[in-house]
Enquirer: 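What follows is a single structure, and I will ask about it in a moment.
In what follows, chains are A, B, ... by sequence order, proteins preceding strands, each numbered from 1.
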2 protein chains.
Amino acid sequence: MLTERQLFILQLLINDYIQTAEPVGSRTISKREDVTFSSATIRNELADLEEMGYIEKTHSSSGRVPSEKGYRFYVDNLLSPPVLSKYEVNNIQSLFAERMVEVEKVIQQSAGILSELTQYTSIILGPEVFETKLRQIQIIPLSKDTAVVILVADSGHVENRTMKIPPSVSMSDIEKVVNIMNERLKDVPLISLKSTMMKEMATVLKKHIENYNEVNTMLENLFLYTNAEKVYYGGKTNILTQPEFKDIDKVRLLLNTFEQDEVMYNVLRPEKNGIEVKIGQENDLEAMQNCSIVTADYFIEGKRMGSIALLGPTRMEYQRSMGILGFLANDLTRTLTDRYQSFKHW
Amino acid sequence: MLTERQLFILQLLINDYIQTAEPVGSRTISKREDVTFSSATIRNELADLEEMGYIEKTHSSSGRVPSEKGYRFYVDNLLSPPVLSKYEVNNIQSLFAERMVEVEKVIQQSAGILSELTQYTSIILGPEVFETKLRQIQIIPLSKDTAVVILVADSGHVENRTMKIPPSVSMSDIEKVVNIMNERLKDVPLISLKSTMMKEMATVLKKHIENYNEVNTMLENLFLYTNAEKVYYGGKTNILTQPEFKDIDKVRLLLNTFEQDEVMYNVLRPEKNGIEVKIGQENDLEAMQNCSIVTADYFIEGKRMGSIALLGPTRMEYQRSMGILGFLANDLTRTLTDRYQSFKHW
DNA sequence: GTTAGCACTCTAAGTGATTGAGTGCTAAAT
DNA sequence: ATTTAGCACTCAATCACTTAGAGTGCTAAC
């Protein structure tokens with residue numbers, strides 16, 4: 001168990017390191033006004049903290065640096081509730097004051113503000129197809145054997161795909177199919193579209209359509225890829241300003257990871273509710289060994305819709321980041337729920 | 001004027017430097033089998049070439065490095081027509097053998113192959129709205145005051161926008177407008193959609209719609225932003241492997257530029273036809289001072305649709321890059337023209 | 001339990017000295 | 001009139017060495 005003084009020293013050390021990115025020595029700590037005891041005492045305490053694994057030396061006669069265990073302890077026990085500056089609050093709220101119509105634009109802007117306020121990289125997982133429901137489906141022919149299929153969700157999200165039409169399937173068949181789909185599939189969540197379609201429509205289709213089998217495989221192909229939600233970024237290169245990323249290979253690794261949506265998608269899936277912090281090795285991607293990620297969720301009517309996250313070095317300003325992130329997640333939840341209400345009760 | 005031997009030496013020097021990225025000395029050149037004269041002779045020639053500005057020294061006793069003027073001369077006069085390896089040709093042609101339906105996918109894949117073959121960063125400007133024409137327009141209501149507008153082009157490109165509907169405009173009004181639009185605006189190029197709409201539809205709308213003014217401003221807002229064509233990337237971080245980009249600040253500058261579509265858009269607009277090479281300072285973006293860009297256009301029925309480009313260090317493999325780029329541009333042109341034909345004569 | 005003091009460690013920065021790749025120039029060879 | 005061998009010279013890069021400074025751990029005194 002840590003003594004009061006050890007807690008205090010650990011906190012000072014981490015705060016200092018977060019600011020300077022330089023190993024912190026006993027003298028540096030002892031020079032602070034609010035420290036009454038001498039550097040020798042601090043040295044003793046530091047030795048204990050090191051033995052317990054909360055801090056490390058970079059070499060045998062260097063100052064101390066927080067270990068991942070140390071950061072974890074710091075985040076879990078030493079953070080006081082964050083206070084946002086007026087500037088930050090204004091900045092975020094002015095975003096939502098604009099009341100943009102398009103969900104995607106709201107999200108893109110949120111990512112921008114987040115990265116600007118924090119100088120880290122912000123990542124937002126768009127609303128999951130999970131909760132959004134089909135409003136309408138349209139098929140528009142392009143040539144004799146191709147057509148565009150357009151799905152519109154109640155959130156305003158539009159999804160489109162081009163497909164080839166087998167020669168054996170006629171236009172009137174397709175029209176029939178679309179009509180049936182609009183009848184049967186309206187308000188079905190996008191995520192379960194495929195399974196619902198297979199169940200609900202099989203019998204009806206068999207009755208009305210000649211080349212049932214061909215139409216069926218066509219439809220199956222169409223919904224083969226349940227589109228993963230989109231990943232939005234803000235300040236993709238902000239993290240390059242951090243001194244821990246002067247190594248170009250690390251940078252390459254990280255930026256490449258950004259390009260792989262599926263990977264990022266998994267990184268952002270939070271395991272618990274609320275604001276979560278993953279420190280260094282805790283997220284097992286090699287590219288993110290020196291990074292921490294703070295994630296928060298946003299909701300619509302209590303249902304989780306997506307996540308917003310900040311990516312920084314392990315030495316990141318946890319308190320501030322968590323504050324800003326939490327605040328923005330809240331506003332996002334409120335705004336989106338409002339929008340959703342207006343759609344639902346219409 | 002350059003003598004035969006000077007040409008030869010310049011060529012050897014640039015070839016060598018492109019491979020090694022190290023300054024080339026007289027001894028290195030003299031050791032080649034096909035060089036009969038001594039290093040001293042070469043030193044004299046190098047001094048002349050330097051005086052003429054084709055090569056430079058990095059310091060007073062270093063080997064020589066091509067200057068931008070040197071590269072320019074090399075590209076304009078010293079390149080033999082490129083020969084593609086079987087591997088490269090196969091790689092590109094297998095791409096088009098798949099005959100993907102969606103233009104965007106073809107382009108995305110092209111970017112991927114380009115960057116893989118060259119290890120540079122590839123950039124592709126999507127088909128201009130320029131030539132694609134409106135096939136159909138749809139408005140789908142989302143709530144009592146919002147709706148999604150969907151434009152489908154004959155290329156299969158889908159464009160969508162969410163908009164607010166003023167309370168004074170009724171649904172039936174909107175339906176009328178959409179009908180009129182589909183009648184009057186079909187096959188109008190997307191780029192002139194706005195102007196055509198204003199001209200063609202003004203009188204008709206006035207006749208049929210009550211709140212003409214409100215509808216009009218609504219439509220105007222809708223088409224306010226003529227969407228610039230999309231920019232696609234392949235191997236965004238490839239360029240980071242080049243030794244000239246070990247400086248993190250240069251990297252940041254460049255990657256940030258990538259994020260700004262409008263800027264890239266201008267970079268890629270070629271000035272002349274065919275394959276164009278811009279070397280170093282020739283493209284006046286600060287972020288690209290150490291880069292060269294090779295661009296080529298692709299066409300549909302002789303009309304320029306977009307460009308594809310390779311971005312590398314000034315010390316780039318011009319011959320190979322130009323070869324691959326030209327070949328792919330050709331195949332792209334052929335494929336897209338075929339597709340277009342099938343749409344047109346349908 | 002705390003602290004002053006001291007020996008010790010290690011990095012970072014600076015200083016020569018050395019090496020080697022390269023040049024330019026001159027005088028001899030072709 | 002070229003070409004080339006030879007030589008003096010330059011400069012970056014590297015290595016060994018020193019020094020300064022920040023930091024530690026330990027011990028003995030407070």
Enquirer: Given 3.5 Å as the limit, does a donor-acceptor pair link the side chain of Lys69(B) with the main chain of Met52(B), or not?
Expert: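 Yes.
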Enquirer: Looking only at atom types and distance, does a side-chain atom of Arg72(B) sit under 3.5 Å from a main-chain N or O of Val277(B), one as donor and one as acceptor?
Expert: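 Between the backbone of Val277(B) and the side chain of Arg72(B) there is a qualifying donor-acceptor contact (under 3.5 Å).
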Enquirer: Write down the atom of Ser115(B), the atom of Asn238(B), and the distance for their closest heavy-atom approach.
Expert: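 Shortest heavy-atom separation between Ser115(B) and Asn238(B) comes out as O-ND2, 3.3 Å.
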Enquirer: What integer distance in Å separates Tyr17(A):OH from dG23(D):P?
Expert: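 Distance check: Tyr17(A) OH to dG23(D) P gives 14 Å.
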Enquirer: State plainly whether the residues Arg43(B) and Glu50(B) are in salt-bridge range, i.e. N to O under 4.0 Å.
Expert: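 Salt bridge: no.
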Enquirer: Between Glu276(A) and Arg269(A) (salt bridge meaning N to carboxylate O under 4.0 Å), is one present in this structure?
Expert: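 Salt bridge between Glu276(A) and Arg269(A), a charged N being under 4.0 Å from a carboxylate O: no.
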Enquirer: Short question: side chain of Gln6(A), backbone of Thr3(A) - any donor-acceptor pair under 3.5 Å?
Expert: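 Side chain of Gln6(A) to backbone of Thr3(A), a donor-acceptor pair under 3.5 Å: yes, one is there.
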Enquirer: Mind listing the residues from residues 30-38 of chain A sitting with a heavy atom below 4.0 Å of DNA chain C? Number order is fine.
Expert: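 Within residues 30-38 of chain A, the residues near DNA chain C are Phe37(A), Ser38(A).
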Enquirer: Rounded to the nearest Å, what distance is computed from the CD atom of residue Glu22(A) to the P atom of nucleotide dA22(D)?
Expert: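 Atom-to-atom, Glu22(A) to dA22(D), this comes out as 12 Å.
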Enquirer: When every nucleotide of nucleotides 21-30 of chain C is labelled 5' to 3' by its protein contacts under 4.0 Å (heavy atoms), B for base, S for sugar-phosphate only, - for none, what sequence of letters results?
Expert: -SBB------
Enquirer: Between Ile9(A) (CD1) and dG1(C) (C1'), how many Å, whole number?
Expert: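 In whole Å, dG1(C) C1' lies 14 Å from Ile9(A) CD1.
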Enquirer: Could you check how far CZ of Arg5(A) sits from C1' of dG1(C), rounded to whole Å?
Expert: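 The distance from CZ of Arg5(A) to C1' of dG1(C) comes to 8 Å, rounded to the nearest Å.
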Enquirer: Under 6.0 Å from the CZ atom of Arg27(B), do we count more than 12 heavy atoms belonging to anything else shown?
Expert: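 Atom CZ in Arg27(B) is not packed in, count stays at 12 or less.
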Enquirer: Could you state the CD1-P distance from Ile42(A) to dA22(D), rounded to the nearest angstrom?
Expert: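 One finds 16 Å between P of dA22(D) and CD1 of Ile42(A), rounded.
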Enquirer: Can you tell me if CD on Glu116(B) sees more than 12 non-hydrogen neighbours from other groups inside 6.0 Å?
Expert: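 For Glu116(B), atom CD is not crowded (no more than 12 foreign heavy atoms under 6.0 Å).
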